[in-house]
Amino acid sequence: MRRYGKHTDEDDIRSRPNRKGNRPRTNIRPKHEDAAEGLVLTVDRGRLTCLVEDRVVMAMKARELGRKAAVVGDRVMLVGDLTGMKDTLARIVRIQERASVLRRTADDDDPYERVVVANADQLAIVTALADPEPRPRLIDRCLVAAYDAGLEPLLVLTKSDLAAPDELLELYGHLDIPYVVTSREELENGDAADRVRELLDGRITAFVGHSGVGKTTLVNALVPQERRRTTGHVNAVTGRGRHTTTSALALPLAGDDGWVIDTPGVRSFGLAHIDPSRVIHAFPDLEPGTADCPRACSHDEPDCALDAWVAAGHADPARLYSLRRLLATRERTEGD
Ligand SMILES: Nc1nc2c(ncn2[C@@H]2O[C@H](COP(=O)(O)OP(=O)(O)OP(=O)(O)O)[C@@H](O)[C@H]2O)c(=O)[nH]1
Ligand SMILES: [Mg+2]
Ligand SMILES: [Zn+2]
């Protein structure tokens, strides 16, 4: 695991003032110099399970952290009892700078955005081909969130034993997103895990999607036996999953240095916080064409320069169509 050096910037959490406040200055030791770095594996009502070297340590946020919350995937600095023994509790005194932040809001007009996962570099958007029915709207929204957060998307289409993937794949063909299709049989004979693992190698991948699509089933197939979580079933009457998974959990991949993060099923993926200009970064063939756009162009208006850009042959019109569909997903209500 990568280790970080000691940080001394202003963000550092100050230790309580020394009771012997009259000590000479030169004797003041750096703040929390004996803090150890850990990785947040899961968060449960204020208790954070962290991995410190090879020990699983329970921790709480130190009061000095204020309202800052650590989330799954965060690198944190811990002090106190780091033995990982039963009934011990360490304190988190600092959250390290994040390489990425995946956010969502419950609804588009919900001002409260929650950080789903920190430091992931890939977003596996898991969709069942049936049971529950695929919802392209949710996929589009997850894609926009991935592009906005700078995560590389990966489409995972499960339950191909129940329905064919062709229609869905056609819808995403022009986006050039890597994808993998899995079935019940391939889960059982190990082929699914083998093919998915190739795409996860050495990366930190967050799995998101509707409840019951098979996220936990797949994650379980990828991690060592003793790490497995419980999975659910899809209700035959409502077609909805039972929301088996209630908290995000980071798990190490068997045999290499990648991580998978299983998350609870979502009904929607609110995009209140999205900046279209960051989404366009994910379209390097189109981005230079925006140079002639009017200020604050929505890229879906009559003066948008992208129409001329594709008309001049600089990019495939189908790519522009796909980009516009993704950007427009913010204006449409979900579920239709
Ligand atoms: N037929 C079929 N069923 C599958 C497949 N993958 C998973 N399932 C079933 O789908 C159901 C839901 O699987 P889970 O892994 O719990 O789904 P989840 O996405 O983790 O659901 P939440 O935790 O609620 O978000 C279980 O009964 C699985 O056995 C598949 O490829 N084919
Ligand atoms: Mg689950
Ligand atoms: Zn434009």
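As the structure lists them, so they are numbered: ligands from 1, and atoms in each ligand from 1. Because the structure is predicted, anything quoted here is derived from the model rather than measured.
Which parts of ligand 1 touch L162 is read off a 4.0 Å heavy-atom cut-off, strictly below it: atoms 1 (N). The distance from ligand 1 to the heavy atoms of D161 drops below 4.0 Å at these ligand atoms: 1 (N), 2 (C), 30 (C), 31 (O), 32 (N). With ligand atoms numbered from 1 in the order given, ligand 1 contributes 31 (O) to contacts under 4.0 Å with heavy atoms of S183. Heavy-atom contacts of T217 reach the following atoms of ligand 1: 7 (C), 13 (O), 14 (P), 15 (O), 28 (C) (cutoff under 4.0 Å).
Using modelled atom types and a 3.5 Å distance limit, the side chains of T216 and T245 yield a donor-acceptor pair. For the residue pair T83 / D81, a side-chain donor-acceptor distance below 3.5 Å is found, with atom types taken as modelled.
Cation-pi geometry between R141 and F269 is not met: the NZ or CZ atom fails to fall both under 6.0 Å from the ring centre and inside 45° of the normal.
Using a cut-off of 2.8 Å, one finds that T263 contributes no N/O/S atom close to the Mg ion (ligand 2). For the Mg ion (ligand 2), the N/O/S atoms of T217 include none lying under 2.8 Å.
For atom 12 (C) of ligand 1, the choice among G212, A130, A221, S211 with the nearest heavy atom turns out to be G212.
At a 4.0 Å heavy-atom cut-off, ligand 1 touches L187 through the side chain alone.
For the pair OG1 of T216 and OG1 of T245, the angle whose vertex sits at the Mg ion (ligand 2) is 90° to 10 degrees.
H299 has its closest N, O or S atom to the Zn ion (ligand 3) at the position named ND1.
In terms of N/O distances under 3.5 Å, ligand 1 is not approached by D262. At a 3.5 angstrom cut-off on N or O pairs, G214 counts as close to ligand 1. In terms of polar-atom proximity, T263 is not counted as a contact of ligand 1, lacking any N or O under 3.5 Å from an N or O of the ligand.
Listed for the K68 side chain is no donor-acceptor partner under 3.5 Å among the backbone atoms of R94. Although no hydrogens or angles enter the test, the distance criterion places no donor-acceptor pair under 3.5 Å between the side chain of D74 and the main chain of V40. A donor-acceptor pair is defined here as one N or O able to donate and one able to accept, closer than 3.5 Å; no such pair exists between the side chain of K215 and the backbone of V126.
A salt bridge does not link D161 to R184: none of the charged side-chain nitrogens sits closer than 4.0 Å to a carboxylate oxygen. Using a cutoff of 4.0 Å between basic side-chain nitrogens and carboxylate oxygens, D300 and R324 are scored as salt-bridged.
Residue E170 places its CD atom among 12 or fewer non-hydrogen atoms of other residues, nucleotides or ligands, all under 6.0 Å distant.
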